[in-house]
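Here is the structure we will look at.
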Amino acid sequence: MIEANDLSKSYGPIEALRGVSFSVRPGEIVGLLGPNGAGKSTLIKILTGYLQPDRGSAVVDGLDVLTQRLLVQQRIGYLPENTPLYPDLSVQAYLKLMADLRSIPPADQPALISAAVRAAGLQDHLTRPIGQLSKGFRQRVGIAQAILHRPRLLILDEPTIGLDPTQIVEIRGLIRRLAQHSTVLFSTHILPEVEALCDRVIILMNGQVRADARLADLAQSGGDVLLVLQEEAPAAAAALQALPGVAKVRAERDGGRYPAFRLTPRQVNGQAADLGPAVFDLARQRGWPVRELRHERRTLETIFNELATQA
Ligand code: ATP
């Protein structure tokens, strides 16, 4: 559904994107996660045809974003960082205007507008001027305009920014419902948002993709491995440290009693090899009295912080 290939973009001396490549398959819900200034909005503006990259290419739903910009924009639903809403217009009048701007035939408009209104939960606010709505409801209006033409791909830039906790939960629920029928790519700097919604996460830092993985794989890969022994084994720490892919070995006491070694794997782009099998083989060869070998799962927060400190 999306193929981004080596995208780069600078604003004067600021390199906002540096060789960004990734793909999104149909039906996925993908979170684009990154700190402020990572390049998320720049990337989204390129994918939606609102900004030209300096280098690289992007294909959206089989169409080249650079050469088939208008066709791409007809196929996607886009919620920009600051949706241009008209405060004096009622919700209904605004959605009608957007339907006209999208060249939706008048005969099709009532059904499409009412479907978008229902999906966004705006039924009770149709006649209210947009300027009088809460921020959460204004965001829903932005989402309603994005889904008006039933796009197969939704691209949402920070959809929950500035909302209160209740509104955040509501908008997340809405995104989840929309994802049943569309592919969704949304940007955020809020980690729990990604954990709550996504199949996959792409972590962008300093204009580069630092991790691109399914959430389940990311959490399972690369966690520490803890080897707990019944009793001390001479030279175990040095032997463990010499295993390929091991970044660090720390001696501990498990349960305050048993000698243990915590092995941290070396990370490459947020992912790392599973050290378990190599540790198991080594312990067997050396005849160490193994009490337990266990994996520790990493949270997205741990991964994000590891990447941020490496950046
Ligand atoms: P945020 O979460 O704060 O919106 P972001 O990840 O969306 O950040 P971008 O808005 O893409 O990041 O910005 C990436 C970098 O490019 C930042 O350093 C930003 O200051 C810079 N930048 C963005 N737009 C412009 C512009 N029009 N002119 C100059 N610099 C810009």
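Just so you know, ligand 1 is whichever comes first in the structure, and atom 1 is the first atom listed for that ligand.
- Contacts of Lys96 classified as side chain to side chain contact (heavy atoms under 4.5 Å, CB included), with partners at least two apart in sequence or in another chain: Asp100, Gln109, Ile113.
- Evaluated for a side chain to side chain contact (heavy atoms under 4.5 Å, CB included) with Gln139, the options Thr160, Leu79, Leu85 yield exactly one hit, Leu79.
- Pocket lining of ligand 1, defined as residues with a non-hydrogen atom under 4.0 Å away: Tyr11, Ile14, Ala16, Pro35, Asn36, Gly37, Ala38, Gly39, Lys40, Ser41, Thr42, Glu81, Glu158.
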Please output the side-chain donor-acceptor pairs of residues 229-240 that fall under 3.5 Å, not counting sequence neighbours, one pair per line with the distance.
{"unit_1": "Glu232", "atom_1": "OE2", "unit_2": "Arg253", "atom_2": "NH2", "d": "2.4"}

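- Under the 3.5 Å distance criterion, with hydrogens and angles disregarded, a donor-acceptor pair is assigned to the side chains of His295 and Asp274.
- Ser8 and Asp54 share no donor-acceptor pair across their side chains, judged by distance under 3.5 Å alone.
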Tabulate below the donor-acceptor pairs under 3.5 Å that side-chain atoms of residues 115-136 make, not counting sequence neighbours, or state none.
{"unit_1": "Arg128", "atom_1": "NH2", "unit_2": "Gln132", "atom_2": "O", "d": "2.9"}
{"unit_1": "Ser134", "atom_1": "OG", "unit_2": "Phe137", "atom_2": "N", "d": "3.3"}

